[in-house]
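Just below is one structure, and these are the notes that go with it.
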Protein chains: 2
Amino acid sequence: MVQGRELIKGSADPLLLYLISQQPMYGYHIIKELERKSDGYFKFKEGTLYPALHRLEKAGLIQGGWQILQGGRQRKYYHITDKGSSILEEKRNQWQEFLVAMNLVLRPMNT
Amino acid sequence: MVQGRELIKGSADPLLLYLISQQPMYGYHIIKELERKSDGYFKFKEGTLYPALHRLEKAGLIQGGWQILQGGRQRKYYHITDKGSSILEEKRNQWQEFLVAMNLVLRPMNT
DNA sequence: CATTATACATAGCATAACTATATATCAATT
DNA sequence: AATTGATATATAGTTATGCTATGTATAATG
C-alpha cells in the first residue's frame, strides 16, 4: 500500500544504491556518472547528493571510507552493504510496481 | 534539467489532472477510481487528496463547483481548465523523459 | 440504534530535494 | 604569479509534498 509520492519520494535512493552496487564510488563521480548515463538528464546538486549519501550511510545501506590521493586530495568511496543490497532489490521491485500502477491509471486500458 | 525527485515530487498531480481531464470528478470518487484503476495500488488518503485538489485549483489547473444532491448532500466537482490541460500535457512529457532517464541508469545498456 | 460508507476539510508533522555557501586541491591558461 | 575552472566534500536553511490525525455531516445498512 503505497500512496502518491511516498514511494518515489526516495527515487534518488535506488539510483544511488544501484550505482554503488555496481562498484564502489565517490560522490563527485556519482554525479558525473548519473549525468553521463542518463544522457544529461540527471544533474544532481551537491546539496542533494551528499546529504543523501550520509542518509544512506546512517541507515546502514552503504559504507564510506576515505581514500587519500597523492597531494592530500580526499575522496570518500562508498560501497554497498548486505543490507543495502537487499533494500535495493526491494526498492527495484517497488519501483516496478509503481510503474505498473501509473500505467494502469494513465493508459485507458480499463474502464 | 531535472534532478532527483524534483519532477516526480508532484507525481500525484499528473494522476489527478489526468483523471479530471477524462471527466469532471469529485474528490471521493477520485480516491475510489485511483484505487480501482490501479488494481488496489493507489490508496490516496483525504489528507493527501483534498489539499492537492485545493492546490491545483489555486494554481488554476482545475476548477471546482458544488453540486447539491437530494437530501442536502454535497459534492465538489472539478473540471480541468485550459491551463490544466496544457500543464497535463507538459507533465506527461516530463514523466516520459524521466522514465527514459531512469531506464538509462538502471539498465546496464551503456558502460 | 449503531455502524459503515459517503463526502469534504484542515492543522500539524516528517522529510526529501533544493538553494546557497564554504573549504581545499589540482590543472590549465593568461 | 595569478586567475580560472575542474575536482571533491560538506552543511545550514528553505520549500513543498505527502502523511497522520481529527472533525463535521449525511445516507444506507444491519
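Keep in mind the model is a prediction, meaning the values are calculated, not measured. Side chains included, hydrogens not; waters and symmetry mates left out as well; all remaining heavy atoms used. Below, read A as the first sequence line, B as the second, and so on, with proteins coming before strands; counting in each chain starts at 1.
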May I have the distance from [X] (atom [atom1]) to [N] (atom [atom2]), rounded to whole angstrom?
| X | N | atom1 | atom2 | answer |
| --- | --- | --- | --- | --- |
| A:Lys58 | C:dA16 | NZ | C1' | 14 Å |
| A:Glu33 | D:dA8 | CD | C1' | 16 Å |
| B:Arg55 | C:dA9 | CZ | P | 14 Å |
| A:Met25 | D:dT9 | CE | P | 11 Å |
| A:Lys43 | C:dT19 | NZ | P | 13 Å |
| A:Gln67 | C:dT25 | CD | C1' | 17 Å |
| A:Arg36 | D:dT7 | CZ | C1' | 17 Å |
| A:Ile31 | D:dA8 | CD1 | P | 11 Å |

Around atom CG of B:Asn93, are there more than 12 heavy atoms from other residues, nucleotides or ligands closer than 6.0 Å?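 Enclosed.
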
Counting only side-chain nitrogens and oxygens, does A:Lys45 get under 4.0 Å of the OP1 or OP2 atom of C:dA17?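 False: A:Lys45 side-chain N/O out of range (4.0 Å or more) of C:dA17 OP1/OP2.
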
Any side-chain to backbone donor/acceptor pair from A:Glu57 onto A:Gly64? Under 3.5 Å, distance only.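 The answer is yes, because a donor-acceptor pair under 3.5 Å joins these two groups.
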
N/O to N/O distances under 3.5 Å, protein versus nucleotides 4-8 of chain C:
residue	atom	partner	partner atom	Å
C:dT6	OP2	B:Tyr28	OH	2.3
C:dT6	O5'	B:Tyr28	OH	3.0
C:dT6	O4'	B:Arg73	NH2	3.3
C:dT6	O3'	B:Arg73	NH2	3.4
C:dT6	O2	B:Arg73	NH2	2.8
C:dA7	OP1	B:Arg75	NE	2.8
C:dA7	OP1	B:Arg75	NH2	2.5
C:dA7	OP2	B:Tyr26	OH	2.8
C:dC8	OP1	B:Lys76	N	2.8
C:dC8	OP2	B:Gly27	N	3.2
C:dC8	OP2	B:Tyr28	N	2.6
C:dC8	OP2	B:Tyr50	OH	3.2

Spacing of A:Ser21 atom OG and A:Ile62 atom CD1 [to the nearest 0.5 Å]: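 Rounded to the nearest 0.5 Å, the OG-CD1 separation comes out at 11.5 Å.
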
Working to the nearest 0.5 Å, report the span between CD of B:Glu33 and CG of B:Leu16.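 Atom-to-atom, B:Glu33:CD and B:Leu16:CG are 12.5 Å apart.
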
Aromatic ring pairing A:His54/A:Tyr50, orientation class (parallel under 30°, perpendicular over 60°, tilted between):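 Ring orientation, 0 to 90° scale: tilted.
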
By ring-ring contact (aromatic ring centres under 6.0 Å, His included) - contacts of B:His29 (at least two apart):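 Checked B:His29 against ring-ring contact (aromatic ring centres under 6.0 Å, His included); matches are B:Tyr26.
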
